Each structure stands twice: as structure tokens, then as C-alpha cells.
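Report on one structure; see the data block that follows.
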Amino acid sequence: MTERKQDDTGVEEETGLATKTRPATKKPSLYRVLLLNDDYTPMEFVVEILVRIFRKSPEDAARIMLHVHQNGVGMCGVYTYEVAETKVAQVMDAARRAQHPLQCTMEKE
């Protein structure tokens with residue numbers, strides 16, 4: 001925005017507001033965190049993981065666990081990259097400590 005004014009001597013001067021354009025911010029990419037079925041990890045352990053790490057209610061955790069059991073894979077949630085990566089690491093660490101072969105992955109939505 002520019003404004004033209006004359007000073008006391010009759011000289012016209014331009015005054016304006018200096019603006020800095022910012023690039024439009026875009027939303028971060030989202031990632032699905034998936035649990036993979038195996039024949040060895042107890043269903044109770046999977047439910048525990050879903051409640052503890054993904055903050056699911058016991059009912060939702062049981063539903064997701066059954067979906068994983070019946071379909072081979074199930075979604076635990078959708079997160080930004082860093083959060084999804086952390087959740088996958090937490091699941092893998094908990095499974096390893098409990099000596100279960102449970103696998104967890106993430107994929108771009």
C-alpha cells in the first residue's frame with residue numbers, strides 16, 4: 001500500500017508500508033501406524049500395546065486386535081512423521097522386551 005503526500009516544500013513523496021511475504025505453510029504429511037498379525041504374539045499383549053502406547057480404550061483395542069488377527073494388518077492411528085516413528089519404535093521395543101515377534105510399521109497416508 002502506497003500513499004502519496006506533499007511535504008512543506010511542495011515535493012511529493014511516497015510513503016509505504018514494508019511488507020514481507022511469507023510462504024504459505026502446508027500441513028505436515030500424515031502416516032498410518034499399522035500392526036501386523038503373527039501366530040505367536042498373545043492377543044492380550046496386542047490389546048495392552050494398543051491401550052498403553054496408542055491410548056485406545058480397552059473396547060477399541062480389542063476391536064483393532066481382532067481386525068489385525070482376522071485381516072493380517074490393522075491401523076492403530078494416523079500421526080505426523082515424528083509421532084508415528086516414535087510409536088513404531090515403542091511397539092517394537094515393548095515386543096522385543098516381552099520376546100514377542102509383533103511387527104509394527106508406518107506408511108504415508
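What you are looking at is a predicted structure, and each value in this text was computed from that prediction instead of being measured. Only heavy atoms go into these numbers, but all of them, side chains included; no hydrogens, no water, no symmetry mates.
- Classification of the Phe54-Tyr79 ring pair by plane angle, with boundaries at 30° and 60°, yields tilted.
- Residues Leu36 and Val68 share a closest heavy-atom pair of C-CG1, 4.0 Å.
- Surrounding CD of Gln70 are more than 12 heavy atoms belonging to other residues, nucleotides or ligands, all under 6.0 Å away.
- Across all their heavy atoms, Leu50 and Met65 have their closest contact at CD1-N, 4.0 Å.
- The two residues Gly74 and His67 have their closest heavy-atom pair at CA-CD2, 3.8 Å.
- Val46 has its side chain within reach of Leu35: a pair of non-hydrogen atoms, C-beta onward, lies under 4.5 Å apart.
- Checked by atom type and distance alone, the side chain of Thr41 never pairs as donor or acceptor with a backbone atom of His100 at under 3.5 Å.
- At distances below 3.5 Å, not a single donor-acceptor pair connects side-chain atoms of Lys108 with backbone N or O atoms of Ser29.
- Rounded to the nearest 0.5 Å, atoms CD (Gln90) and CD1 (Ile49) are 9.0 Å apart.
- One hydrophobic cluster holds both Tyr81 and Val91 under the rule that ILVMFWY side chains link at heavy-atom gaps under 4.5 Å.
- Minimum heavy-atom separation, Val33 to Cys104: CG1-SG, 3.5 Å.
- Here Leu34 contributes atom CG and Ile64 contributes atom CD1; the two are 11.0 Å apart, rounded to the nearest 0.5 Å.
- Of all heavy-atom pairs spanning Val47 and Ala62, the tightest one is CG2-CA, 4.0 Å.
- Taking 4.5 Å as the limit, every side-chain heavy atom of Asp38 sits out of range of all side-chain heavy atoms of Gln103.
- The two residues Arg52 and Ala94 make their nearest non-hydrogen contact at NH2-CB, 3.9 Å.
- Counting non-hydrogen atoms of other residues, nucleotides and ligands closer than 6.0 Å to NE2 of His69 gives a total of 12 or fewer.
- The NZ atom of Lys87 sits 6.5 Å away from atom CZ of Arg55, with the distance rounded to the nearest 0.5 Å.
- In this structure, the side chains of Tyr31 and Thr80 stay at 4.5 Å or more apart for every pair of heavy atoms.
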